[in-house]
Amino acid sequence: MRTVNQPIRKKDAMQLLTGQPVYVNDVAPENCLIVKLLRSPHQNAWIEEIKKDTALKVPGIEAVFTWEDVPQDGPRFTLAGQTYPEPSPQDRLVLDRHVRFVGDPVAIVAGKDEKCVDRALRMIKVKYKVLDAVSDFRTAKDNPILVHPEENWEALCPVGADNKRNLCAHDECGQGDVEAVLKDCDIVLERTFHTKAVQQSMMESFRTFCTIDTYGRLHVVSSTQIVFHCRRIIAKALGIPKSKVRVEKTRIGGGFGAKQTAVIEIYPAFVTWKTKKPSKLVFSRKECMTASSPRHEMEMHIRLGAMKNGRVRAIDLYTLSNTGAYGEHGPTTVGLSGHKSIPIYGKAEAFRFVSDVVYTNQMSAGAYRGYGATQGLYAVETTVNELAEMLHMDPIRLRLLNTVQEGDVMPAYYGETNTSCALDRCIEKVKEMNHWDEKYPYRDMGNGKVRSVGMGLAMQGSCISGVDVGSAALKMNDEGFYTLRIGAADMGTGCDTILAQIAAEVLECSIDDVTVFGADTDASPYDSGSYASSTTFVTGKAVEQAAHELVAQICKLGAQILGCEKEEVTFDGEYVICEQTGKRVSRAEIVTVSQCGCSIPLEATCTHSSPTSPPPFMAGAAEIEVDLETGEVEVLQYAAAVDCGTPINPNLARVQAEGGILQGIGMTLMENVTYNEKGKILENSFMQYKIPTRQDIGHIRVEFESSYEQQGPFGAKSIGEVVLNTPLPAITAAVHNATGLWFRELPITPEKIVMGRKNCLDKQECLS
């Protein structure tokens with residue numbers, strides 16, 4: 001292959017490297033009104049009165065909007081960006097008289113500059129009736145305190161939601177008689193795991209600017225992953241037709257799922273639609289940390305049954321998820337905690353998976369890379385590691401006995417067949433990379449330091465099967481270069497480059513001959529957006545199909561020029577050649593002919609949706625060093641092997657893997673969202689909220705063990721999300737092997753290790 005499976009440099013690399021103005025704040029008009037939000041200081045409260053007269057008198061202030069400017073009995077909406085009908089309950093208003101968490105918007109202030117807006121914010125006087133709050137998600141279900149008591153709350157999909165029970169979603173599924181199989185097992189492990197909310201911590205904060213175009217339409221330019229869903233959300237929030245809204249994304253400075261929720265867009269859109277003036281809202285880092293859409297806090301209760309020979313026979317999983325004050329992505333994230341963890345152990349005879357998603361008076365959660373699978377895999381994989389220890393069996397050997405194989409039907413994965421799988425090779429590769437046999441389980445280094453290893457597996461999906469839609473439009477331009485129009489959003493992942501590589505491979509041209517445009521609701525073909533690991537698999541297939549159709553059109557016109565039948569010509573990327581006569585015509589000549597008296601269009605648009613979602617797989621092994629005196633954990637190296645089918649661009653795939661592993665390390669060892677007794681988040685900046693730096697991650701090594709997925713473009717599957725999920729169980733197991741302690745709540749901090757060792761040393765239970 002000429003371009004596919006080649007480490008081609010990102011198309012936008014030099015623009016980004018040289019600091020060109022490519023992001024939202026770089027290209028926003030200078031005359032934008034500055035928009036800021038006044039936020040609630042209370043977890044749960046009713047606004048009795050807002051006095052804004054003094055604020056409106058501040059020089060430069062254009063408008064102050066409150067709940068009084070928004071119909072409170074009108075239809076509600078959700079900020080979650082997924083295919084309609086959105087499973088997340090419709091539970092928001094632009095501004096609500098009932099505020100439900102510390103940070104919930106109370107007023108929108110717009111003015112000519114930050115100085116006057118900040119002054120006006122201080123002058124708004126709000127009288128609240130403070131209400132009792134639901135703080136603990138374990139007590140939220142059927143709690144007498146209702147987060148959403150309103151009558152116009154609505155669930156568009158049958159996801160088991162009931163606002164009168166604080167339920168955002170409920171689901172049950174399974175196969176086989178779990179109780180009977182567990183009763184017949186030699187060993188049944190019953191464990192409970194807890195993962196807290198964690199932040200996506202993308203470099204570029206949420207930011208949007210809006211204008212009114214020459215046709216009186218609302219033009220929204222935002223750092224978003226979901227231009228088409230964003231248009232739908234804004235139109236419903238403002239009560240205007242979708243035809244009046246255009247959404248466009250610029251370059252995105254990272255999203256990781258945060259920008260799959262329309263966290264910010266509705267507020268400047270509201271201001272511009274009301275005032276008909278340009279406006280801009282840029283979230284501070286504090287707002288990103290306290291009023292955004294972090295990963296869902298979850299508690300997983302698992303029962304795992306196995307025989308003494310290591311055969312896993314049954315898995316029973318219950319997940320309780322905390323969606324916070326609003327239900328964005330609540331019904332869909334929780335499903336992955338079971339459906340992307342249980343199927344790895346495909347030889348089990350029975351499984352059951354039950355889930356509840358509950359409302360609380362905390363910051364609402366949302367999408368984050370891994371999307372619920374992260375939490376579920378932590379629970380299942382850690383339990384499997386505990387099982388291996390109990391059986392005195394190498395955890396690698398235990399997994400090779402039980403893991404799903406190519407061709408297996410996966411009941412817990414929506415009944416899909418595993419059509420491509422190199423998981424066994426990934427496990428063996430990681431064993432080799434990590435020198436597992438030499439290092440497992442631990443080595444005493446002296447001076448109170450112990451080195452140890454641990455491992456974990458992961459699977460994800462390559463789209464939302466039967467739902468996600470990807471589209472691509474390709475056309476030939478003057479001189480024979482091509483334009484690829486897409487609706488998927490490049491978040492820094494390099495999808496513009498990867499999709500151009502797919503097109504160039506079919507068109508047999510240089511990637512430099514393919515320009516990429518996207519995403520813009522006015523000009524791009526419809527695409528669900530960049531989430532669910534679907535871009536390469538779904539949109540990439542649409543690109544491949546469009547390129548083949550364009551080649552057919554090129555051959556058709558070329559044959560007409562050469563005076564032969566289209567079946568008699570071939571296209572080598574540069575020339576259409578008549579096989580009988582040997583005559584040829586260049587693509588530059590063909591496009592010139594197409595511009596005069598021609599009825600053959602040199603363009604093609606294709607749309608693709610996949611009925612199945614072939615999972616990528618990954619094995620990861622961590623080597624750590626623990627200081628038993630201080631509890632400090634240092635990740636010395638992380639070895640990973642990934643089966644993502646054919647890597648379209650190995651360099652970009654490797655960077656994806658390295659970045660995901662880094663985020664997994666952060667979630668395991670340091671990232672933490674905590675609340676005080678009044679519901680205020682304590683970690684509101686990077687001074688308090690710790691994310692891993694280059695010094696924290698040691699050496700990450702990534703290799704690919706490729707399967708070939710027939711349904712993907714050139715055999716590709718996804719890679720974006722699966723790469724985050726193995727560090728949690730791998731590092732947890734390594735910490736256990738070094739200290740003798742099993743941690744079932746993250747993050748595993750030095751304080752927890754020291755106190756845990758003190759407690760178990762008193763009981764003489766630790767290894768060292």
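One-based numbering along the sequence shown.
- Closest heavy-atom contact between T290 and I681: CA-CD1, 4.0 Å.
- A ring-centre distance under 6.0 Å is found for H148 and Y326.
- Checked for salt-bridge contact, D118 and K36 meet the test: a charged N lies under 4.0 Å from a carboxylate O.
- Side-chain contact of Y371 with T332: a donor-acceptor pair under 3.5 Å is present, judged by distance alone.
- Nearest heavy-atom pair, L93 versus V70, reported as atom, atom and distance to 0.1 Å: CB-CG1, 4.4 Å.
- The two residues E248 and V227 make their nearest non-hydrogen contact at C-CG1, 4.3 Å.
- A side-chain hydrogen bond (donor to acceptor under 3.5 Å, both in side chains) with Y531 is found for one member of Q82, H229, R369 and no other, namely H229.
- Within a 6.0 Å sphere centred on NZ of K129, other residues, nucleotides and ligands contribute 12 heavy atoms or fewer.
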Salt bridge (charged side-chain N to carboxylate O under 4.0 Å, His left out) between D104 and R39: does it pass, once the steps are laid out?
CA-CA 5 Å; D104 216 354; R39 298 184 178 277; over 6 Å; no
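- You'll find the ring centres of H296 and Y368 outside the 6.0 Å limit.
- Salt-bridge annotation for E68 and R97: absent, with no side-chain N of the basic residue lying under 4.0 Å from a carboxylate O of the acidic one.
- Contact annotation: the side chain of E204 never approaches that of N25 to less than 4.5 Å [non-hydrogen atoms, C-beta and beyond].
- The local environment of NZ in K236 is crowded, with over 12 non-hydrogen atoms from other residues, nucleotides or ligands closer than 6.0 Å.
- In this structure, Q90 places its CD atom where more than 12 heavy-atom neighbours from other residues, nucleotides or ligands lie under 6.0 Å away.
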